[in-house]
4 protein chains.
Amino acid sequence: MAKNLAPDSTRRSEKSRRAIYDAALALVGEVGYPKTTIEGIAARAGVGKQTIYRWWSSKAEVLMEAFLDLGEQVNRDVGQEPYVIPDTGDLAADLKAVLRATVDELKDPRFEVPSRALAAEGVVNEQLGRQFVAKLLEPSLQLYVERLRSAQAAGDVRPDVDPRIALELFVSPLAQRWLQYSGPISHEYTDTLVDYALHGIAPR
Amino acid sequence: MAKNLAPDSTRRSEKSRRAIYDAALALVGEVGYPKTTIEGIAARAGVGKQTIYRWWSSKAEVLMEAFLDLGEQVNRDVGQEPYVIPDTGDLAADLKAVLRATVDELKDPRFEVPSRALAAEGVVNEQLGRQFVAKLLEPSLQLYVERLRSAQAAGDVRPDVDPRIALELFVSPLAQRWLQYSGPISHEYTDTLVDYALHGIAPR
Amino acid sequence: MAKNLAPDSTRRSEKSRRAIYDAALALVGEVGYPKTTIEGIAARAGVGKQTIYRWWSSKAEVLMEAFLDLGEQVNRDVGQEPYVIPDTGDLAADLKAVLRATVDELKDPRFEVPSRALAAEGVVNEQLGRQFVAKLLEPSLQLYVERLRSAQAAGDVRPDVDPRIALELFVSPLAQRWLQYSGPISHEYTDTLVDYALHGIAPR
Amino acid sequence: MAKNLAPDSTRRSEKSRRAIYDAALALVGEVGYPKTTIEGIAARAGVGKQTIYRWWSSKAEVLMEAFLDLGEQVNRDVGQEPYVIPDTGDLAADLKAVLRATVDELKDPRFEVPSRALAAEGVVNEQLGRQFVAKLLEPSLQLYVERLRSAQAAGDVRPDVDPRIALELFVSPLAQRWLQYSGPISHEYTDTLVDYALHGIAPR
DNA sequence: CGTTAATCGAGACGGTACGTCGAGTCTTAAG
DNA sequence: CTTAAGACTCGACGTACCGTCTCGATTAACG
């Protein structure tokens with residue numbers, strides 16, 4: 001009997017999956033996350049509702065995969081390197097450059113709506129939140145860890161500093177302002193963050 | 001004609017308002033935000049749905065006010081000062097103390113569920129997000145601004161530093177870890193943040 | 001104690017009563033009986049809801065009184081005689097004339113909507129139905145009874161015939177066709193009814 | 001697009017339909033028509049409200065079909081002939097017999113409440129009223145038409161009489177008394193109606 | 001002829017039902 | 001066995017009215 005466990009993924013329709021991803025992202029972009037419904041995604045994708053329920057367990061999960069897929073797709077298109085932090089030897093300049101790029105990306109509506117949607121869901125749904133962090137946030141943060149390690153090797157960062165924590169000094173403020181609308185975001189702002197973070201706010 | 005705008009707030013039932021606040025907070029605590037419904041709040045409060053719709057325009061708004069009210073209530077009970085940052089002259093120690101208290105509060109389930117709910121809604125609903133910031137977040141942050149200004153006067157913080165930005169160096173990382181489950185939260189962690197923020201991560 | 005019983009009718013506002021009658025009839029005419037609401041009547045009459053509930057116990061009752069009042073008003077305007085059945089000595093002609101007038105009245109939209117509303121309510125609400133009959137229907141039927149009695153005296157109707165039943169032979173068919181849309185209504189039709197009723201359908 | 005028109009009736013759940021008919025009739029019988037609600041029918045039938053709204057557009061329509069179905073069901077149970085008017089050759093006796101049976105039926109509460117409900121709704125809602133007549137009333141009246149035609153052939157009714165009108169002489173008075181509570185209903189009463197109708201009220 | 005108690009307009013209140021939407025499950029027919 | 005389609009039960013939505021209940025602000029009978 002035991003019929004309901006584990007659909008056979010070898011028989012899965014690739015076309016439907018693509019259509020679902022596309023529909024989900026399009027709808028979230030057009031009407032926002034709360035008004036995006038499974039029913040709506042199915043209709044837009046020309047797919048039965050069951051096809052969605054068979055492979056995903058929630059709207060958030062669909063969107064998460066769609067978003068991840070979008071990322072991979074973009075990466076495949078652009079080149080293989082997902083995106084890296086430059087290492088010119090000038091730590092401050094490198095960090096400022098990356099953060100400026102991040103500021104621009106955060107303001108790109110193509111990414112903004114689904115990112116917010118996922119982030120918001122993650123705040124309230126711990127499981128999804130951890131997934132979001134593991135699959136989307138942490139990989140990016142690891143790039144900073146690496147850059148900071150390299151800076152430690154070059155003597156530009158104190159050796160006793162924990163890079164995973166240090167990076168939060170400039171990344172988290174930006175993240176918070178964006179997430180919570182707690183302040184304006186600009187290149188000057190992130191430049192200032194880098195300066196403060198590198199040298200502290202206490203007088204030398 | 002124009003009859004539907006602005007109910008007469010002088011005739012508002014205080015008892016109903018209280019009951020609605022209580023029910024909303026209780027339900028959010030018990031079943032979580034998404035499963036908290038207007039219908040449920042009304043039923044629990046022993047109130048007609050219309051009485052909620054008359055005075056609030058969304059579940060989020062109800063919860064926001066309920067939460068604000070809870071804060072005020074607690075403040076009234078405890079004493080008049082909402083809560084302040086000590087100024088012992090030792091900036092690092094003062095900040096560490098407050099942040100440790102914040103860590104504890106963030107883990108208190110009484111506040112955690114509704115806070116998350118509101119924060120999450122604010123991520124996705126800009127209007128509410130800005131309200132959340134203005135009414136709940138910014139007032140707290142202003143306390144840090146004041147403490148940092150005092151530290152600048154005492155020569156413990158460089159005079160060219162913008163306190164509103166500087167405070168984010170230690171507040172935002174904690175906020176992000178809490179909001180996004182992007183890392184563990186502990187007293188050691190916040191102590192470290194203060195140290196890094198005050199003196200920077202670059203060698204002197 | 002006993003405060004709620006019997007409002008003091010000497011203090012009753014005549015202006016409000018008139019306004020309520022007018023509003024009720026206007027609304028029933030405009031939107032039909034089911035969409036006519038107490039709230040709507042009150043708003044239209046510029047009257048508090050309580051003023052309606054104080055003096056009437058249901059929508060149907062308001063409408064009934066409004067309709068009765070309308071009748072009296074019309075009678076007052078036209079002349080004192082409500083309306084009578086002529087007695088020219090020619091029974092068939094007299095009945096045909098009255099029924100032709102009735103046909104015309106039934107088609108007058110000014111009376112049709114509220115009459116139907118009341119009649120319908122009376123079908124389902126026995127108390128109101130009996131009131132409707134007693135106050136509106138029976139007085140009219142009594143006129144036929146009198147005319148038939150006079151005809152019996154003149155030898156135009158068999159003396160053993162019960163006039164109260166006899167009148168139904170021509171009145172009820174018209175009433176049913178009108179009430180139930182069970183057939184078209186015309187002067188020819190009522191003429192035929194009178195002929196059949198007077199002489200029967202069996203051959204002599 | 002155009003998705004909302006015409007649900008696929010081949011996939012309709014027969015079980016739900018039956019349950020809805022049963023619930024509707026039961027509720028109308030128990031609490032009366034005005035207190036019978038779609039919500040109540042759905043709950044009683046163990047059915048989603050949408051399933052009702054999908055297939056019917058109003059409470060009246062549901063009840064109408066339920067009532068029609070009840071009739072068919074009864075007919076199926078009893079025998080194939082719906083019910084006929086006897087033709088013993090004695091027209092008066094035959095009519096009296098049928099009308100006596102009708103009187104009894106009109107007093108049977110099993111039929112009375114829903115019949116009144118439908119009739120009342122039909123008074124005020126022309127579309128439904130005509131449906132009521134077409135599906136329920138007229139078929140019964142046709143039986144009288146046929147019996148009268150047969151009587152005409154036998155020379156018991158004048159050949160120039162229109163049977164469709166003639167039947168109203170005895171049917172409509174009964175109908176009106178029942179519908180409007182305008183008089184008592186009894187076997188003697190209907191007998192009298194038949195006598196009057198057949199021979200007229202004028203002396204021979 | 002003021003007093004005062006009831007009625008008045010207004011509308012907030014606790015409720016019930018409305019008709020709609022979407023969730024997630026289940027069934028059917030086609031491939 | 002998966003798929004598109006969509007009917008099903010369920011529950012919440014936000015709205016409309018119900019009938020009850022305060023509120024001042026008029027009134028109108030009577031003291």
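Numbered from 1 within each chain, the chains take letters A, B, ... in sequence-line order. Treat the numbers as computed from the prediction; the structure is a model and nothing was measured.
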Rounded to the Å, how far apart are [X] [atom1] and [N] [atom2]?
| X | N | atom1 | atom2 | value |
| --- | --- | --- | --- | --- |
| B:R18 | E:dC13 | CZ | P | 15 Å |
| C:R12 | F:dT26 | CZ | C1' | 18 Å |
| A:I20 | F:dT2 | CD1 | P | 14 Å |

Give a yes or no on whether the backbone of B:G32 and the side-chain of B:T36 come within a donor-acceptor separation of less than 3.5 Å.
yes
Give a yes or no answer on whether the side chain of D:S115 reaches the backbone of D:F111 with a donor-acceptor pair at less than 3.5 Å.
yes
Interface with DNA chain F, restricted to residues 117-125 of chain A and to heavy atoms under 4.0 Å
none
Would you tell me if any nitrogen or oxygen in the side chain of B:T10 comes within less than 4.0 Å of OP1 or OP2 on F:dC23?
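Result: no.
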Return no unless some side-chain N or O of A:S16 is found under 4.0 Å from OP1 or OP2 of F:dA4.
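The answer is yes; a side-chain N or O of A:S16 sits under 4.0 Å from OP1 or OP2.
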Looking at D:F132, is D:R116 sitting on its ring face, NZ or CZ under 6.0 Å from the six-membered ring centre and within 45 degrees of the normal?
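Ring-cation test returns no.
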Cation-pi, B:W56 ring and B:R12 (6.0 angstrom, 45 degrees)
yes
What residues form a side-chain hydrogen bond (donor to acceptor under 3.5 Å, both in side chains) with C:R17, not counting sequence neighbours?
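For C:R17, the residues satisfying side-chain hydrogen bond (donor to acceptor under 3.5 Å, both in side chains) (neighbours in sequence not counted) are C:E14.
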Report the residues that fulfil side-chain hydrogen bond (donor to acceptor under 3.5 Å, both in side chains) with C:Y21, sequence neighbours left out, ordered by chain and then residue number.
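C:Y21 satisfies side-chain hydrogen bond (donor to acceptor under 3.5 Å, both in side chains) with C:E65 only.
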Start with the C-alpha distance between B:W55 and B:S16, add both sets of side-chain angles, then the distance that settles side-chain contact (heavy atoms from CB on, under 4.5 Å), and finish with yes or no.
CA-CA 11 Å; B:W55 302 109; B:S16 294; over 6 Å; no
Taking protein heavy atoms under 4.0 Å as touching, what does nucleotides 1-6 of chain E look like 5' to 3' if B marks base contact, S marks sugar-phosphate-only contact and - marks none?
----BB
Tell me which residues in residues 34-64 of chain D lie within less than 4.0 Å of DNA chain E, going by non-hydrogen atoms.
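Of all residues in residues 34-64 of chain D, the ones placing a heavy atom under 4.0 Å from DNA chain E are D:T37, D:I38, D:E39, D:K49, D:Q50, D:Y53.
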Just do the salt bridge (charged side-chain N to carboxylate O under 4.0 Å, His left out) check on C:R44 and C:D22 with the steps written out, would you?
CA-CA 9 Å; C:R44 173 109 166 207; C:D22 293 350; over 6 Å; no
Side chains of B:V113 and B:Y33: closer than 4.5 Å at any heavy-atom pair?
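Not in contact.
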Return each pair, listed once, that meets salt bridge (Lys or Arg N to Asp or Glu O under 4.0 Å) where at least one residue sits in residues 47-64 of chain B; pairs must be two or more places apart or across chains.
B:E39-B:K49
Is it true that, when you exclude A:Q127 itself, more than 12 heavy atoms of the residues, nucleotides or ligands shown sit nearer than 6.0 Å to its CD?
no
